[in-house]
Protein chains: 2
Amino acid sequence: MATKDKILDTAERLIANQGFAATSLRQIIGEAGVNLAAVHYHFGSKEELLDQLILRKITSVNEQRIARLDALESEADGRPVPVDRVLAAFFEPMIETGSRNPQFVKVMARLQGEGLIPSIMQKHFRSTISRFVRALRLALPDVSQEEFFWRLQFMFGAMSRAVSDPVDFVPGMLKDERHEFSSVIRRLMVFLAAGFQAPASMEMPQEQEVQA
Amino acid sequence: MATKDKILDTAERLIANQGFAATSLRQIIGEAGVNLAAVHYHFGSKEELLDQLILRKITSVNEQRIARLDALESEADGRPVPVDRVLAAFFEPMIETGSRNPQFVKVMARLQGEGLIPSIMQKHFRSTISRFVRALRLALPDVSQEEFFWRLQFMFGAMSRAVSDPVDFVPGMLKDERHEFSSVIRRLMVFLAAGFQAPASMEMPQEQEVQA
DNA sequence: GTCTATACTGAGATAGAC
DNA sequence: GTCTATCTCAGTATAGAC
């Protein structure tokens, strides 16, 4: 079974550095020293390969997330868990994984950037996310359902930038500083907690907007 | 020169509906009724075609943005323009464009999802964005440079979800409601204003994180 | 069950005739 | 400016060796 793991490891390394679309199966099998058809034998397709690549590492992250949330909820004993606690339970397991397995986190970042996350989320995150969505919903009783829905979208959008390579919108704004993954995630949590708890935007159904 | 415009219009329609990667040049030229080589004659490459497709419509949006910001700054007369005003100047021109030209906004959304925005931003947004970044920076004197930098990243991440098709993290959470583009953008502005003005996260350089 | 060799289809790109 | 023909490389599929 060395072949399967050789493929997975090589693919992980290459996708982390080049992205998924830019990494061809032929490059993977070249560097892994295996045959092209072996990929399709073991995985069926390039997408399935990606899927298994993610699955073998994301599982433990999601288990940690659920465990943290379980602990918070039993501690809260029926009352809503505060937003920042829920967010911490979700994001901090990623910090630990990131320091232990930076390659894998880079892959996830690449996928975010390439827009492949929604479908992958649906597969591997669905049950985890629905737990967290419920917890967040309870913590935010004053936010309308539709506003809450969109704030979730914004959250995952912002998250994708936290794990991706930062974009230098204004060159020279940050001269090649080290961006510690853990501190970025912590900044993200602060940002999101504030966003989630913002006062509702005026709900004016299809009215004209006002000039500033 | 009808050929060039036929290509651009057809490409815009197809990319809006299928995405950039999923739309082949052969499909574009098929529906446009032109020859494959014409694309490379007029644009050079598929990416260049996309580039010109964006350029022909984004210019006016960016001009509106700058005009709005100019007005705010001269009105403020040296004092910082409040965060929410700056954000409105940036996002509201998109609302107007979205109602007048939904196809184009859908293309932008697709590109966000496919991770093609960073490079495009660099080309077409650079000067506009640096103006807005400066205005935001002045409005947020208490936020550290690094925290500000990351909040910018989060902002563009969240923005990308506002224009993309929403992801149904929890199925049935919103039964096929209409998501008015303008109200989503307004929700986004509220969310971002709160995130930007959040208290700074504790700046603890490479310390252990605390268990919750 | 595992893997190799090879072939198929469709993509973007290009050279050169008109 | 436009079109035909062709090139290279991608993901995929299958037949058959071990």
Side-chain angles (χ1 to χ4, degrees), chain A residues 1-56 107-108 110-120 122-123, chain B residues 1-56 107 110-111 113-120 122-123:
Chain A
M1 319 269 144
T3 302
K4 195 171 177 177
D5 284 327
K6 262 190 286 186
I7 294 171
L8 284 171
D9 291 340
T10 309
E12 185 176 79
R13 177 170 53 81
L14 291 175
I15 294 172
N17 291 326
Q18 311 173 343
F20 180 68
T23 303
S24 71
L25 291 180
R26 282 168 172 85
Q27 186 187 9
I28 295 171
I29 59 121
E31 302 206 7
V34 304
N35 186 275
L36 176 57
V39 175
H40 287 90
Y41 172 74
H42 286 288
F43 304 100
S45 73
K46 193 187 178 188
E47 276 225 339
E48 270 293 316
L49 162 59
L50 178 64
D51 231 61
Q52 295 205 214
L53 192 158
I54 291 165
L55 187 60
R56 69 171 180 168
V107 171
M108 298 300 287
R110 290 283 183 183
L111 299 183
Q112 298 274 9
E114 295 180 63
L116 298 164
I117 283 297
S119 58
I120 288 166
Q122 302 291 37
K123 271 189 205 150
Chain B
M1 317 269 140
T3 302
K4 195 171 178 178
D5 284 326
K6 262 191 286 186
I7 295 171
L8 283 172
D9 290 341
T10 310
E12 184 176 79
R13 177 170 52 80
L14 292 174
I15 294 173
N17 291 326
Q18 312 173 342
F20 180 68
T23 303
S24 71
L25 292 181
R26 282 168 172 84
Q27 186 187 8
I28 295 171
I29 60 123
E31 304 207 6
V34 303
N35 185 273
L36 175 58
V39 175
H40 288 93
Y41 172 74
H42 286 289
F43 304 100
S45 73
K46 194 187 178 190
E47 277 225 337
E48 271 292 317
L49 162 60
L50 177 65
D51 231 62
Q52 294 204 214
L53 193 157
I54 292 166
L55 186 60
R56 68 171 180 167
V107 170
R110 291 283 183 181
L111 299 182
E114 297 180 61
L116 297 166
I117 281 299
S119 59
I120 288 166
Q122 302 291 34
K123 272 190 206 149

- Task: Looking at every strand, decide which applies to A/A37 at a 4.0 Å heavy-atom threshold: base, sugar-phosphate, or nothing.
- Result: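 If one applies the 4.0 Å heavy-atom cut-off, A/A37 turns out to touch a base.
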- Message: Can you pull out the residues from residues 48-56 of chain A that lie within a 4.0 Å heavy-atom distance of DNA chain C?
- Response: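 The stretch gives none, as no residue of it lies under 4.0 Å from the strand.
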- With a 4.0 Å heavy-atom cut-off, tell me which residues in residues 5-19 of chain A come close to DNA chain D, sorted by residue number.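 Correct list: empty, so none.
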- Base, backbone or nothing for each nucleotide of nucleotides 7-13 of chain C, written B, S, -, heavy atoms under 4.0 angstrom, 5' to 3'? ----BBB
Shortest non-hydrogen contact between [X] and [Y], atoms and distance:
| X | Y | value |
| --- | --- | --- |
| A/L8 | A/L49 | CD2-CD1, 3.6 Å |
| A/T23 | A/I28 | CG2-CG1, 3.6 Å |
| A/T10 | A/A32 | OG1-CB, 3.4 Å |
| B/N35 | B/I29 | O-CG2, 3.8 Å |

- Query: Between the main-chain N or O of A/A21 and the side-chain N or O of A/E114, is there a donor-acceptor pair closer than 3.5 Å?
  - Reply: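 Yes; at least one donor-acceptor contact below 3.5 Å.
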- Query: So how far is it from A/I7 CD1 to A/L25 CG, rounded to the nearest 0.5 Å?
  - Reply: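 If we round to the nearest 0.5 Å, A/I7:CD1 and A/L25:CG are 9.0 Å apart.
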- When rounded to the nearest 0.5 angstrom, what is the spacing between CD1 in B/I15 and CD in B/Q27?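 If I round to the nearest 0.5 Å, the distance is 10.0 Å.
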- Task: Enumerate the residue pairs fulfilling salt bridge (Lys or Arg N to Asp or Glu O under 4.0 Å) with a member in residues 11-32 of chain B, sequence neighbours excluded, ordered by first and then second residue.
- Result: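 Only B/E12-B/R56, B/E12-B/K57, B/R13-B/E31 qualify under salt bridge (Lys or Arg N to Asp or Glu O under 4.0 Å).
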- Query: What is the 5' to 3' range of DNA chain D, first to last nucleotide, that sits under 4.0 Å from any heavy atom of chain B?
  - Reply: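 Nucleotide range with atoms under 4.0 Å of chain B: D/dG1 to D/dT4.
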- Item | Inter- and intrachain pairs under side-chain hydrogen bond (donor to acceptor under 3.5 Å, both in side chains), touching residues 38-49 of chain A, at least two apart |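 Residue pairs with at least one partner in residues 38-49 of chain A: there are none.
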